[in-house]
Every structure is written in structure tokens, then in C-alpha cells.
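Below you'll find the structure, written out as C-alpha cells, and then a few comments.
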Amino acid sequence: MPHPFALPRSSRSALDDSLIVLRLAVLYALLGLGSHYLAAWLMRRGASSLHIDTQFLLLDAIFGAGIILGSLLIAWLLRPGEALRWLFGPTPSRLRVLLLALVGAAVMVAIADPLAGWLDLRISREEILPEPVEPPRGVAPLLELKGGRLVAGLAIAILWIPLAEELVFRGWLFKGLAHTRPGLLVALPSTTIIFALLHSFYSPGGVLVIGLLGAFLGWLRWRYDQLLPCVLCHALYNGLTLLMVALW
């Protein structure tokens, strides 16, 4: 007997579409809250005596682990019996697809700074957020870490977080929304917008760049039905961005 959250094989009505979206919204909220409280609980249990930088790294690592494990559970709930195949794709990724993903990441990094700067000159943060907001401080402290903390921080930023985010946005959320009757017309813009809004602490130009990255990743998922190229593209984008910040 299928689980209550199992997706229908196809949507036949607006009611089916609404129930699919409701399933995904509930699971999305539970995943975020569950990962947050898991990380907070584990940190309170054993990390208070550690160095503050180590605490932040552990917090990111535990939160990412919650997202990854939760996404695998959600995939099983949505598509019991074939969760991994449904989540990651039915066939191995071809070399040309992986190369396309890597080239796409490099192009996105190349256009990110001029594009973000162009928009930021026209739309200031204050026009959107009237209260003064400090710019994001996640990149600079990461690159100021030393030794093992730096290696761990880079691994989390370049590998762990992209895997966690792709399992959600180009994974079960994209595939679930694709089950609605509009299919791609709902899945691509919805996952892209949510992905961009989660980075709303960036400047308007930065959010635009993240949105374009999300759109490209969504297109990759739709065109080739593979999650691995999306993970590689996202990881390379983060890695090249950190490299550029370090060099400049």
C-alpha cells in the first residue's frame, strides 16, 4: 500500500495539482525545521566547549546532513519503490553532459560580478529593504580560517552544501512539481525563485545571479533528467567564486 505522501503517477485535475503542491510544501517546511532543530540540539549537546569557528562549521555540516538525509527520506515517501532512481535519474550521466555543466558553471562565474554590479547600480538594497542590513559575511571569515578548519570549511561550502541544496531544489522538489499538469512551466520557475529567495541576504544583483544559476541548473535537470550534473555545476560555481574572492 503506498504511503499517504506518495505522488500520483499523473495529475488529472486542478485538485491533483493542488494536493501535489500541498504535499511538497508540507515536506519542505518539515525538512527545514527538522534540520534546524537537529543541528541546534546536537550543538547544545556537545559543541559548546569547541572553538567558535569550529562550532559554525559543525552547525553548517549538521544542517547539511539533515537536509541530505531528509531529502532521501522524502524521495522514498514521494516515490516508494524507486526513490533513488527517481531522485538521481534513470541512467548514468554522459561525459558531454558533465562537461556542459562545468562549462555552464564557469560562464556563470564569469558574468556574475559584472551582472550583479550592473543591477546594484540601478537598484540599491535600501530600496527593497528600508532598514539597514549588513552585507553577508560568510565568505570572508571562511577564507580567513586556518589549517584544518579552512579545509573543512571549503569542503562544506564546495561539496556538502551544493549536494544538500541540489537534492532539494533540482531533486525531489523539481521532480514533484513536474508531476503537475503544467510540468516544467511550474517546476522550473518555482524552484528557481525559491532558490534565489533563500539567498536574499545578497545584494539585488547577487540574487539575480543566483536566480540565473538556479534556472540553468533547472534546465540541466529537465533536459537530461540527471542530478549529478547539477551537483557538479553548483560545486564548481561555489569553488570558482571562492577562488576569485581569494585572489582579489
Side-chain angles (χ1 to χ4, degrees), residues 6-11 17 20-21 23-24 27-28 31 64 67-112 115 157-199 207-241:
L7 291 172
R9 287 295 173 177
S10 62
S11 175
D17 292 342
I20 289 173
V21 172
R23 283 184 181 91
L24 298 176
L27 291 170
Y28 185 86
L31 177 64
I67 294 294
I68 291 170
L69 295 176
S71 293
L72 296 177
L73 174 61
I74 287 174
W76 174 74
L77 290 172
L78 293 174
R79 186 55 72 87
E82 53 178 355
L84 294 181
R85 183 175 182 271
W86 177 77
L87 184 62
F88 290 98
T91 57
S93 298
R94 297 178 181 178
L95 179 59
R96 65 180 182 86
V97 179
L98 300 180
L99 290 176
L100 175 62
L102 298 178
V103 170
V107 171
M108 288 299 305
V109 171
I111 67 173
L115 182 60
I158 297 174
L159 300 174
W160 199 239
I161 297 303
L163 174 60
E165 291 184 344
E166 291 310 306
L167 280 170
V168 176
F169 293 105
R170 265 61 61 177
W172 59 267
L173 192 57
F174 186 96
K175 293 289 286 184
L177 290 171
H179 268 68
T180 61
R181 289 174 301 162
L184 181 68
L185 297 179
V186 168
L188 182 57
S190 297
T191 54
T192 298
I193 291 171
I194 298 171
F195 180 64
L197 290 177
L198 281 181
H199 298 80
V207 174
L208 172 63
V209 171
I210 293 297
L212 291 176
L213 174 65
F216 176 68
L217 293 170
W219 175 83
L220 274 179
R221 179 65 205 239
W222 166 76
R223 178 65 178 82
Y224 299 105
D225 196 22
Q226 290 289 309
L227 192 62
L228 178 59
C230 300
V231 175
L232 289 179
C233 179
H234 195 156
L236 182 62
Y237 177 87
N238 284 10
L240 290 177
T241 299

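If you read the sequence from its start, that first residue is 1, and numbering goes on from there.
The list of side chain to side chain donor-acceptor pair (under 3.5 Å) pairs with a residue in residues 186-198, not counting sequence neighbours, is empty. Legend: salt bridge (Lys or Arg N to Asp or Glu O under 4.0 Å) pairs involving residues 175-197, not counting sequence neighbours, sorted by first then second residue: Asp17-Arg181, Lys175-Asp225.
We find the CH2-CG distance between Trp219 and Leu188 to be 11.5 Å, quoted to the nearest 0.5 Å. For the atom pair CG (Leu167) and CG (Leu69), the distance works out to 9.5 Å, reported to the nearest 0.5 Å. The SG atom of Cys233 sits 4.5 Å away from atom CG of Leu217, with the distance rounded to the nearest 0.5 Å. Atom CG of Leu220 and atom CG of Leu227 lie 10.5 Å apart (nearest 0.5 Å).
The nearest pair of heavy atoms linking Ala196 to Ile210 is CA-CG2, 3.9 Å. For the pair Ala106 and Leu240, the tightest heavy-atom approach, listed with the atom from each and the gap, is CA-CD1, 4.0 Å. Here the closest non-hydrogen pair linking Pro8 and Arg23 is CD-NH1, 4.0 Å. Nearest heavy atom pair, residue Pro162 against residue Asn238, reads CG-ND2, 3.5 Å. Summarising the geometry of Ser11 relative to Ile20, their closest heavy-atom pair is CB-CD1, 4.2 Å, with the distance given to 0.1 Å.
In this structure, the ring pair (Phe, Tyr, Trp, His ring centres under 6.0 Å) partners of Phe195, at least two apart in sequence or on a different chain, are Phe169, His199, His234.
By the 30° and 60° cut-offs, the orientation of the rings of His179 relative to Trp86 is perpendicular.
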